[in-house]
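Sequence lines set the chain letters: A, B, ... in the order given, protein chains first and strands last, and positions in each chain run from 1. Since the structure is predicted, the reported quantities are computational estimates derived from the model, not experimental observations.
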There are 2 protein chains.
Amino acid sequence: MKVEKKPVRKGRRGGGGMTLADVARLAGVSPITVSRAINTPQQLTADTLQKVQAAVARTGYVPNRLAGGLASNRSRLVFAIVPTVASPVFLETVQALTSTLEEAGYEVVLGQSGYDGRRENELLDAIIGRRPDGVIHVGIIHSKEGRRRLTAAGIPVVETWDLTPTPIDMLVGFSHEKAGAAVAEFLYSRGARRPAIISADDYRAGLRRQGFTEAMARLLGKGAPMPCRLVTAPTSLASGRTGLAPLLDRHPDIDAVFCSSDVIAQGALTEAQARGVAVPSQLKIMGFGDLDFAAHTHPALTTVRVDGTAIGRQAAAFIVQRARGEPIEHRIVDLGFTVVERAST
Amino acid sequence: MKVEKKPVRKGRRGGGGMTLADVARLAGVSPITVSRAINTPQQLTADTLQKVQAAVARTGYVPNRLAGGLASNRSRLVFAIVPTVASPVFLETVQALTSTLEEAGYEVVLGQSGYDGRRENELLDAIIGRRPDGVIHVGIIHSKEGRRRLTAAGIPVVETWDLTPTPIDMLVGFSHEKAGAAVAEFLYSRGARRPAIISADDYRAGLRRQGFTEAMARLLGKGAPMPCRLVTAPTSLASGRTGLAPLLDRHPDIDAVFCSSDVIAQGALTEAQARGVAVPSQLKIMGFGDLDFAAHTHPALTTVRVDGTAIGRQAAAFIVQRARGEPIEHRIVDLGFTVVERAST
DNA sequence: GTGAAAGCGCTAACAT
DNA sequence: ATGTTAGCGCTTTCAC
């Protein structure tokens, strides 16, 4: 006769906290009923629900989402990856997608890839290891390895803030080349004939720079190369000041500067003011992003508005739709941009 | 005779991905050996380790941290709670604690409590539900309910950016009253006799305001109440402009303004410039935080430097020590602050 | 509408 | 140094 081996130790419960089973015992129902009371309350009788909720309240029970995620294969976690949280440019997007996803019952984890994309791969392991229900990435994921692994993991991916005909999965953004070109056309229309650039050295700023340069070459006829200063991303007020200074020193005749971000533009504005260069009469300054301060600088900053909130909302909506198994018609959404004219031009 | 019931279905594997067991089979070892190869490789023979690593590489296996966390009762997750990511004030702290914790093998989840603390409790459920190994909170947790639940959950907690004799658990910060007083003394020493305040309406700004007001009353002798404008947190350049405007309109004789944040101060600087008020000769302007732009405004901003990086590092160190079971001698760390004199005063 | 049984993928504890 | 066993706390599937 086989004797049942009595467990030597009483489990290895760690948290010391309440479990679903504890609540079930207290409410006089089975564990699964407590689970239903929490996740699908409409399945239960008002009476049963009542009993369970009382027990939950009494114990202060908080469901363990690690366990829930493991069992259901739905972590209710979404990763949002930004180049750096130090850049306010993507703030609207992050706020919007966070609030949209939280309403839908997800939590958002913020990850930083760094502008150079070096951390991208190690970050990816951390991400895949958490088995998120989605990944929202600011920028196109260029690393082939990264694209492959995300696809292999079967995680829904939304790339944002850029455009490409070949996204991993879903995409919501706009064309940076076109934005740069629009700035060139705008500045030209306002009389700029000797333009210069102060640009961050990241990928998307490069696209805007390229769009700007090409359009200007078209408008002005190909002449001398355009004065250009590159500054390191993430940009700061200092970038703008140290960017404009040598430009004014070496090319005192420039009449307009396209800054690849509003923060740079604010710095350029400051430097101009410190040197007594009049804006916009002597020098027109234009930024990019339409951050909250752009309308309140002195003079107010002409810039390019991107609807970061809409990007975030759409990205979140993509993830939610996918999680619900709904079909997605258009996986690529172009949200465009707008030139906002203010006093600095 | 009892017949063994044969399982009807073959599991319910979800992710479709590799599991530890798959890798073990491929490497010809037991699952636990694979686990050890990943977590405590020094326990294995070079040979075994080699075999396992080859199998991992071949399969592209990424461990499921949900499962690992559940089994080990260590989620390797730390929550960092800030009032809002829209405020750059805590950025240094967040960067520092993130990099420190990532080096130690943790991931950091950023949560927003909102300046009014309304979301604090619902946020808490989300947090406790993930069973993090620690919580780092910017500011004191005032809600009694919140304090109780965190304690009950047994999660290590570090409160930061403030001081109190009764923290929940661990604390690293500085005295906002003293900082306010230091600003008052500094401005007085530079000749300010008719000071005013533009302050955010959040708790810690209130403490600074109070320290400032009391110290000024001591220095000037109690006279008329000090002109004061409250603006809504999070603050922006606009807060500073709309804050200073009515102050100058109604009290044209003020000779100094203490702004509760550098962003407000930058706005005040802008408004002064727009109105042709000379800084610092007519009006001294002082901020708080020493953000990256403070040294580069025109004129450069006098402010109070807080070592946000040190706060973040110490907070992270607390969590890591606690996780390792190391004893902690001083649970309260006062990191102080420094007045940084620049051109705006 | 409610419950019993099984198992998600991993690791702690106990062998060997 | 490696393996065996028994869960971690929850949800799925199927049965009633």
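For the pair Asp125(B) and Arg149(B), the salt-bridge criterion is met [side-chain N within less than 4.0 Å of a carboxylate O].
An OP1 or OP2 oxygen of dT11(D) is reached within less than 4.0 angstrom by a side-chain nitrogen or oxygen of Ser35(A). Checking the phosphate oxygens (OP1, OP2) of dC10(D), no side-chain nitrogen or oxygen of Ser72(A) falls inside 4.0 Å. The phosphate of dC8(C) has neither OP1 nor OP2 within less than 4.0 Å of any side-chain N or O from Thr19(B). Distances shorter than 4.0 Å separate some side-chain N or O of Thr33(B) from OP1 or OP2 on dG3(D). Asn39(B) has a side-chain polar atom (N or O) that falls below the 4.0 Å cut-off from OP1 or OP2 of dT11(C). Residue Ser30(B) places none of its side-chain N or O atoms closer than 4.0 Å to OP1 or OP2 of dT4(D).
Here the P atom of nucleotide dC14(C) and the CD atom of Gln43(B) are 16 Å apart, to the nearest Å. At whole-Å resolution of the value, CE in Met18(A) and P in dC10(D) are 12 Å apart. One interatomic measurement links the two molecules: CG of Asn64(B) to C1' of dG9(C), which rounds to 6 Å at whole-angstrom precision. Atoms CD1 (Ile38(A)) and P (dG9(D)) sit 14 Å apart, rounded to a whole Å. We find that CZ of Arg74(B) is positioned 15 Å from C1' of dC8(D), with the value rounded to whole Å. Protein atom CG of Asp22(A) is 9 Å distant from nucleotide atom P of dG9(D), rounded to whole Å. Between the CG atom of Leu70(B) and the P atom of dG9(C) there is a distance of 12 Å, rounded to whole Å. Between the CG atom of Leu20(B) and the P atom of dT4(D) there is a distance of 14 Å, given to the nearest Å.
The closest side-chain donor-acceptor pair between Thr84(B) and Ser87(B), if any, does not fall under 3.5 angstrom.
Counting only heavy atoms from C-beta outward, the side chains of Val109(A) and Glu107(B) never approach each other to under 4.5 Å.
Remark: the Arg131(A) side chain and the dG9(C) base include no donor-acceptor N/O pair separated by less than 3.5 Å.
Within 6.0 Å of CD in Glu329(B) there are 12 or fewer heavy atoms belonging to other residues, nucleotides or ligands.
Residue Arg36(A) is classed as a base contact, given a heavy-atom separation below 4.0 Å to a base. Residue contacts shown for Ile32(B) include a base, since a base heavy atom lies under 4.0 Å away. No contact: Pro31(B) has no heavy atom under 4.0 Å from any strand.
Closest non-hydrogen pair, Trp161(A) versus Gly308(A), comes out as CZ2-CA, 4.2 Å.
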